[in-house]
Amino acid sequence: MNQHSPSSVLPATPATPQGRPVRVALLGCGVVGSQVARLLQEQAGDLAARVGAPVELVGIAVRRLGLARDVDLPEELFTLDAHALVTRDDVDVVVEVIGGIEPARSLILAALEHGASVVSANKALLAEDGSTLFAAAEKAGRDLYYEAAVAGAIPILRPLRESLAGDQVTRVLGIVNGTTNFILDRMDSSGAGFDEALQEAQDLGYAEADPTADVEGFDAAAKAAILASLAFHTRVTAADVHREGIAEVTASDVASAAEMGCVVKLLAICAVQEGPDGPAVSARVHPAMIPRSHPLASVREAYNAVFVESQAAGQLMFYGPGAGGSPTASAVMGDLVTVARNRLADVRGAGESSYADLPVLDMGSTQTRYHVQIDVDDKAGVLAAVALAFAEHGVSIQTVRQEGRGDDAQLVVVSHRASDADLAATVDTLRGMANVRDVSSVMRVEGESE
Ligand SMILES: NC(=O)C1=CN([C@@H]2O[C@H](COP(=O)(O)OP(=O)(O)OC[C@H]3O[C@@H](n4cnc5c(N)ncnc54)[C@H](O)[C@@H]3O)[C@@H](O)[C@H]2O)C=CC1
Ligand SMILES: N[C@@H](CC=O)C(=O)O
Ligand code: NA
C-alpha cells in the first residue's frame, strides 16, 4: 500500500505571484515565534498564492543573538533592536509573540503609528489594555488581529467577531487554559501529583514562562475578558473577571468529585444576565466540578473547548489544541494571511465593537451550586446545626453525606443554586461554630440541573 506523509498529499506548490511582497517583522522567537518563522519558510509558496503576493520575513527581534533555535534561520534576520525593526519603512505587518505588557505594548503602538498592521498572541496585554491598542489601530487605519490569544489554534475570536455578528450571544463557557487542564486531567486519570504534572506541561511548551499565570488563573481570566468583550460588545478587562486558580485543588477534591461522578475543571464562564439596572455581564474563572457526562468533562490533556450559546444559533462548541508552539502558530498564520490580504486590498477588517457598554457584575450576585467539605466533631446534633447554618443564609441543601468517623469525620454538602454572597456568609457562620473544626474545601458545581 502506498503510504503518504501528510505533506505528500498536499497539492504541488503553486507558482509564486509576482509583485511587491508583504513584509513581515517578527517580535520574539520562542515557543510560538519559532513555529511562525518555520511556517513562513516552509509554506512560502502556498502563502503567496493565498495572499496574492509573496510574504517575506524581513527581521526577527530577539533578546539574545546566536542562540540555537527550533528552526533554521539565516542569522542576518535577527536583531536586538525591536523598536528599529517595527518602525522600518518597508515593514507591512508586525507579529508580536514576545508576551507581557511592556515592551510589547510600546512596540505594537509604534508599529501601528508607523503604518504596520499587527498580529499578536498576547492575551495578557489585550485583556489589560486592549482599548489603547484598538484606538491606535483605528487611528492608524490598520488591522490588529489576535486569534491566537484565546484557545490557541481554535478559531473562536473570529466566529464571535464575524460569524456571530448578526446574533445575540448570551453565554460563553469553556476550558481555555491548556496547562491547568493538563494538570487536572493528570491528577484525575493517573493520580499524578501537582508538581509532576506541571513540570510535564512546561516541558511540552504549554505553560507560560511563569506558570503562576496558568496555575493562578490569570491566563484564563485574560482570555475570559477577551471572550466577554467580543461576545457582548462591551469592554471587559482582566480586572473585571472574578479569578480563582487551581493551586488550592487537592487530591481529595479530585477524589470527592470522582465519587459524585464528576471531574474538576478550570472553567471560564461569561454571561449576559439581569443585573440590578438591566442587562449586565458576569465573567468568572474558577475550578468547578462538572458531571463526567458533560461534554467538557471529556476535554483531556492540554485541549481547550468553548461553548457559545446564542439566541438564534443555539449551542455551538469549539474544540481543539489550545496551547503549544505549532497549534498557536497556526492561528497566528491565519491572522497573518487575512491582514496581508487586507494590506494588498487597502482595506481593514472589523475593529473593536464596544457599543453595548454593559456594566460588569461582581461575583457576589452570581448563582451556582456548591460542594462544601466540613470537618466536624462526630457528635449528635452536629448535622442539624450545620443544616441550620445553611438555612439561615437561604442556601438550600441538595445532598449531605458523612465521611470518616471520630477525629476524621467530615460532612460533604452539595447545595442547590445559591448566590456566591449567601454561600460565603454560610461558610463564615460554619467557621465560627463550636463543633466545626474547619471548612476544608468549597467548590462550585456547574453543568448540571438542580
Ligand atoms: N505557548 C503557548 O502555548 C501560547 C502562547 N501564547 C502567547 O504567545 C506569546 C508568546 O508565547 P511563547 O512563545 O510561549 O513565549 P516564549 O517565552 O517561549 O517566547 C517569547 C520570546 O520572546 C523573547 N522576548 C521577550 N522580550 C523580548 C524583547 N523585548 N525583544 C525581543 N524578544 C523578546 C523571549 O526571549 C522569548 O524567546 C505570549 O503572549 C503568550 O501568552 C498564546 C497562546 C498559546
Ligand atoms: N499557557 C497557556 C498557553 C495558551 O494560551 C495555556 O496553558 O493554555
Ligand atoms: Na484561537
Side-chain angles (χ1 to χ4, degrees), residues 25-37 59-65 67 69-70 78-86 94-108 119-128 145-161 174-184 198 201-202 204-223 226-227 230 246 266 268 285 299 301-306 318-335:
L26 182 60
L27 304 182
C29 198
V31 172
V32 180
S34 60
Q35 296 309 306
V36 170
I60 307 174
V62 291
R63 268 205 298 222
R64 272 185 299 279
L65 296 173
L67 289 186
R69 315 240 170 224
D70 288 348
F78 291 95
T79 174
L80 295 174
D81 193 343
H83 189 266
L85 178 62
V86 301
V94 169
V95 175
E96 183 275 306
V97 279
I98 61 179
I101 306 301
E102 286 294 350
R105 173 171 45 201
S106 302
L107 291 169
I108 290 176
V119 175
S120 172
N122 194 334
K123 56 250 168 168
L125 175 57
L126 285 152
E128 179 169 313
Y145 274 55
Y146 48 98
E147 180 60 71
V150 179
I154 305 174
I156 179 65
L157 302 190
R158 204 174 302 209
L160 285 172
R161 185 154 74 167
I175 294 169
V176 292
N177 183 268
T179 302
T180 47
N181 200 57
F182 187 91
I183 293 171
L184 293 171
L198 172 60
Q202 282 178 307
L204 290 165
Y206 302 143
E208 299 296 306
D210 175 0
T212 318
D214 296 302
V215 170
E216 298 294 346
F218 290 101
D219 179 79
K223 291 166 177 167
I226 295 170
L227 288 169
L230 285 169
I246 63 161
L266 183 72
V285 164
V299 177
E301 306 211 316
Y303 279 82
N304 284 189
V306 183
F318 300 80
Y319 171 83
S326 182
T328 306
S330 164
V332 170
M333 295 301 290
D335 281 352

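Start at 1 and go down the list; that is how both ligands and their atoms are numbered.
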query: Quick one: which ligand 2 atoms are inside 4.0 Å of a heavy atom on Tyr206?
result: 1 (N), 2 (C), 3 (C), 6 (C), 7 (O)

query: Where on Asp219 is there a heavy atom closer than 4.0 Å to ligand 2, on the side chain, on the backbone, on both, or on neither?
result: side chain

Neighbour count >12 (heavy atoms, 6.0 Å) for atom CZ, Phe78: yes

message: Can you tell me how far apart CD1 (Ile246) and CG (Leu266) are? Round to the nearest 0.5 Å.
response: 7.0 Å

message: Tell me whether Asn304 has any N or O atom under 3.5 angstrom from an N or O of ligand 2.
response: no

field: Asn181 side, atom CG; Ile175 side, atom CD1 - distance, nearest 0.5 Å
entry: 4.5 Å

- prompt: Is Lys123 touching ligand 1 with its side chain, its backbone, both, or neither, if touching means heavy atoms under 4.0 Å apart?
  reply: side chain

field: Selected option - heavy-atom contact closest to atom 32 (N) of ligand 1, from Ile98, Ile60, Asn122, Leu126
entry: Ile98

Side chain, backbone, both or neither: the part of Ala124 lying under 4.0 Å from ligand 1 by heavy atom: neither

- request: Would you give the length of the straight line joining atom CG of Asp214 to atom OG1 of Thr179, rounded to the nearest 0.5 angstrom?
  value: 3.5 Å

message: Report whether any nitrogen, oxygen or sulfur of Ile156 sits less than 3.0 Å from the Na ion (ligand 3) (N, O or S, backbone or side chain).
response: no

task: With rounding to the nearest 0.5 Å, note down the distance linking CG in Asp219 to NZ in Lys123.
output: 4.0 Å

task: Please could you name the atoms of ligand 2 that Asn177 approaches to less than 4.0 Å, counting only its heavy atoms?
output: 2 (C), 6 (C), 7 (O), 8 (O)

- prompt: How does Ala121 reach ligand 1, by side chain, by backbone, by both or by neither, if only non-hydrogen atoms under 4.0 Å count?
  reply: both

- request: Could you list the atoms of ligand 1 found under 4.0 angstrom from a heavy atom of Ala148?
  value: 42 (C), 43 (C)

For Ala323, atoms of ligand 2 separated by under 4.0 Å from a heavy atom: 3 (C), 4 (C), 6 (C), 8 (O)

- prompt: For ligand 2, which atoms have a heavy atom of Asp214 less than 4.0 angstrom away?
  reply: 1 (N), 2 (C), 6 (C), 7 (O)

For Gly99, atoms of ligand 1 separated by under 4.0 Å from a heavy atom: 38 (C), 39 (O)

- prompt: Which atoms of ligand 1 are found less than 4.0 Å from any heavy atom of Ala61?
  reply: 31 (C), 32 (N)

- prompt: Would you say Val150 reaches the Na ion (ligand 3) with an N/O/S atom under 3.0 Å?
  reply: yes

Close-contact set for ligand 2 against Gly178 heavy atoms, below 4.0 Å: 6 (C), 7 (O), 8 (O)

message: As an exercise, identify every atom of ligand 1 less than 4.0 angstrom from a heavy atom of Ala323.
response: 3 (O)

query: If you count the atoms of ligand 1 from 1 in the order shown, which ones are under 4.0 Å from a heavy atom of Gly324?
result: 2 (C), 3 (O)

- prompt: In degrees, rounded to 10 degrees, what angle do Ile154 atom O and Gly152 atom O make at the Na ion (ligand 3)?
  reply: 100°

query: Does NZ or CZ of Arg158 lie under 6.0 Å from the centre of the six-membered ring of Tyr145, at an angle within 45° of the ring axis?
result: no

- line: Among Thr328, Asp81, Leu27, closest by heavy atom to atom 44 (C) of ligand 1 is Thr328

task: Please determine if the Na ion (ligand 3) has an N/O/S atom from Ala149 lying under 3.0 Å away.
output: no

message: Would you say Asp81 and Thr79 are linked by a side-chain donor-acceptor pair, where the criterion is simply a distance under 3.5 Å?
response: no

message: If you apply the rule side chain to side chain contact (heavy atoms under 4.5 Å, CB included), what do you find for Ile108 with Leu125, and how did you get there?
response: CA-CA 10 Å; Ile108 290 176; Leu125 175 57; 3.8 Å; yes

field: Proximal atoms of ligand 1 relative to Val62 (non-hydrogen, under 4.0 Å)
entry: 31 (C), 32 (N)

query: Between Glu147 (side chain) and Ile156 (backbone), is there a donor-acceptor pair under 3.5 Å?
result: yes

task: Starting at CG of Leu107, measure out to CG of Leu27 and round the result to the nearest 0.5 Å.
output: 5.5 Å

- prompt: Numbering the atoms of ligand 1 from 1, which are under 4.0 Å from a heavy atom of Gly28?
  reply: 22 (O)

task: Report yes or no: does a heavy atom of Gly152 sit under 4.0 Å from some atom of ligand 1?
output: no

